[in-house]
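Just so you know, residue 1 is the first one in the sequence shown, and it goes up from there.
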Amino acid sequence: MESKLEEKDLEKLCFDLNDDEAREAYKALYDDYKPSLIPRILGAILVGCGSLVYGSKPSLLKFRSVEVIARVPYHSWTASVYTVLTMFYWNEEKALSLSCINEYAQHGQDNETMHVVAISHITKDEGLHAGLFRHTLIPMIFAFFYYWSSYLLHLMCSRYSYELNFLFEEHAYEQYDQFIRENEKELREKKLECKYVEWYGRTCATQYDFFCSVRNDELIHRNSSIEETC
Ligand SMILES: [Fe+2]
Ligand SMILES: [Fe+2]
């Protein structure tokens, strides 16, 4: 049993989605997907709270805070999978399928970590002040509760947890897409020199390249939350 998306394929897919037509076609695959009622309620609360604290308009400081929270579901799936594996190690098929989920979740958390480190680097470079309460403590508290909710939800009904992430990632995709459209000219003029992005193995000459790649990652996260897990 193999994960449907290998890591090298994900980087290639991310690059290929810079093409508008290719991105639209990939997006259309899950545009009509309708998550269940419980994830829809939780998703509305999650996005609503984010908009209440950081505003509905995308901004660098909002991205910095939201990316702290975005890593959490992937992290919680890894923990949940290990918990379940301690009960099903005798079942090879089940162990294999859980290990595939784990592989996918590992990549998700590494990718989101790259987002939050690079965006923190950019906000510092731009001279933006990230407040201790609004941009550090609130995301940490939020991440703590989101982690445990996602962990328990994954143990009780993993599909609900994946669908909640689908909704979160869909919102992230829309926010980055709007941000790029509204700031394209300025983003193209800003060079990006971030050691963490280089270490991750991604080449982004400008902030425009970087934010397009993050937007594409979020779309991949949205689709793969269903494709890779359900
Ligand atoms: Fe992200
Ligand atoms: Fe994401």
Participant: Determine which pairs satisfy salt bridge (Lys or Arg N to Asp or Glu O under 4.0 Å) with at least one residue from residues 109-136, sequence neighbours left out, and list them in order.
Facilitator: Glu126-Lys190
Participant: I'd like a table of donor-acceptor pairs (distance under 3.5 Å, sequence neighbours excluded) in which one partner is a side-chain atom from residues 38-45, with atom names and distances.
Facilitator:
{"from": "Arg40", "atom 1": "NE", "to": "Pro35", "atom 2": "O", "distance (Å)": "2.9"}

Participant: With a cut-off of 3.5 Å and sequence neighbours excluded, list every side-chain donor-acceptor pair involving residues 209-217.
Facilitator:
{"from": "Asp209", "atom 1": "OD2", "to": "Ala205", "atom 2": "N", "distance (Å)": "3.2"}
{"from": "Asp209", "atom 1": "OD2", "to": "Thr206", "atom 2": "N", "distance (Å)": "3.3"}
{"from": "Asp209", "atom 1": "OD2", "to": "Thr206", "atom 2": "OG1", "distance (Å)": "3.4"}
{"from": "Ser213", "atom 1": "OG", "to": "Arg202", "atom 2": "NH1", "distance (Å)": "3.1"}
{"from": "Ser213", "atom 1": "OG", "to": "Phe210", "atom 2": "O", "distance (Å)": "2.7"}
{"from": "Asn216", "atom 1": "ND2", "to": "Cys14", "atom 2": "O", "distance (Å)": "2.8"}
{"from": "Asn216", "atom 1": "ND2", "to": "Asn18", "atom 2": "OD1", "distance (Å)": "2.9"}
{"from": "Asn216", "atom 1": "ND2", "to": "Cys212", "atom 2": "O", "distance (Å)": "3.3"}
{"from": "Asp217", "atom 1": "OD1", "to": "Arg202", "atom 2": "NH2", "distance (Å)": "3.1"}
{"from": "Asp217", "atom 1": "OD2", "to": "Asn111", "atom 2": "ND2", "distance (Å)": "3.2"}
{"from": "Asp217", "atom 1": "OD2", "to": "His115", "atom 2": "NE2", "distance (Å)": "2.7"}
{"from": "Asp217", "atom 1": "OD2", "to": "Arg202", "atom 2": "NH1", "distance (Å)": "2.7"}
{"from": "Asp217", "atom 1": "OD2", "to": "Arg202", "atom 2": "NH2", "distance (Å)": "3.4"}

Participant: Answer with yes or no whether the side chains of Glu169 and Ser225 bring together a donor and an acceptor at under 3.5 Å.
Facilitator: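 No.
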Participant: Tell me, with the steps shown, if Glu218 and Arg222 meet salt bridge (Lys or Arg N to Asp or Glu O under 4.0 Å).
Facilitator: CA-CA 6 Å; Glu218 308 303 9; Arg222 183 197 79 153; over 6 Å; no
Participant: Could you work out, with side chain to side chain donor-acceptor pair (under 3.5 Å) as the rule, every residue matching Ser59, not counting sequence neighbours?
Facilitator: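 By the side chain to side chain donor-acceptor pair (under 3.5 Å) rule, Ser59 matches no residue at all.
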Participant: Hydrogens and angles aside, do Tyr151 and His75 bring a side-chain donor and acceptor to less than 3.5 Å of each other?
Facilitator: no
Participant: Holding to side chain to side chain donor-acceptor pair (under 3.5 Å), I want the full list of residues that pass it with Thr113, two or more places apart in sequence or in another chain.
Facilitator: Arg71
Participant: Could you grab the distance from atom OH of Tyr196 to atom NE2 of His121, nearest 0.5 Å is fine?
Facilitator: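 Going from OH on Tyr196 over to NE2 on His121, the span is 13.5 Å.
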Participant: Between Tyr30 and Phe166, what is the shortest heavy-atom contact and its length?
Facilitator: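 In terms of heavy atoms, the two residues are closest at O-CZ, 3.5 Å.
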Participant: Can you name the residues that form a side chain to side chain donor-acceptor pair (under 3.5 Å) with Asp20, not counting sequence neighbours?
Facilitator: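 Checked Asp20 against side chain to side chain donor-acceptor pair (under 3.5 Å); matches are Arg23.
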Participant: Could I get the full list of salt bridge (charged side-chain N to carboxylate O under 4.0 Å, His left out) partners for Asp16, not counting sequence neighbours?
Facilitator: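 Asp16 satisfies salt bridge (charged side-chain N to carboxylate O under 4.0 Å, His left out) with Lys12 only.
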Participant: Name all residues meeting the side chain to side chain donor-acceptor pair (under 3.5 Å) criterion together with Arg64; count only those two or more places apart in sequence or in a different chain, and write none if there are none.
Facilitator: none
Participant: What pair of heavy atoms forms the shortest contact from Lys27 to Tyr173, and how long is it?
Facilitator: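 Heavy atoms only, the tightest pair is CE-CE2, 3.5 Å.
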Participant: Just jot down the salt bridge (charged side-chain N to carboxylate O under 4.0 Å, His left out) partners of Glu193, sequence neighbours excluded, or say none.
Facilitator: none
Participant: Atom CD of residue position Glu189 - does it have more than 12 heavy atoms of other residues, nucleotides or ligands inside 6.0 Å?
Facilitator: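 Check passes, neighbour count above 12.
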Participant: Does His135 have any ring pair (Phe, Tyr, Trp, His ring centres under 6.0 Å) partners at least two apart in sequence or in another chain, and if so, which?
Facilitator: Tyr54
Participant: Quick one: list whatever passes ring pair (Phe, Tyr, Trp, His ring centres under 6.0 Å) with Phe142, sequence neighbours left out.
Facilitator: none
Participant: Test of understanding: with salt bridge (charged side-chain N to carboxylate O under 4.0 Å, His left out), list the residues that count as partners of Lys94, not counting sequence neighbours.
Facilitator: none
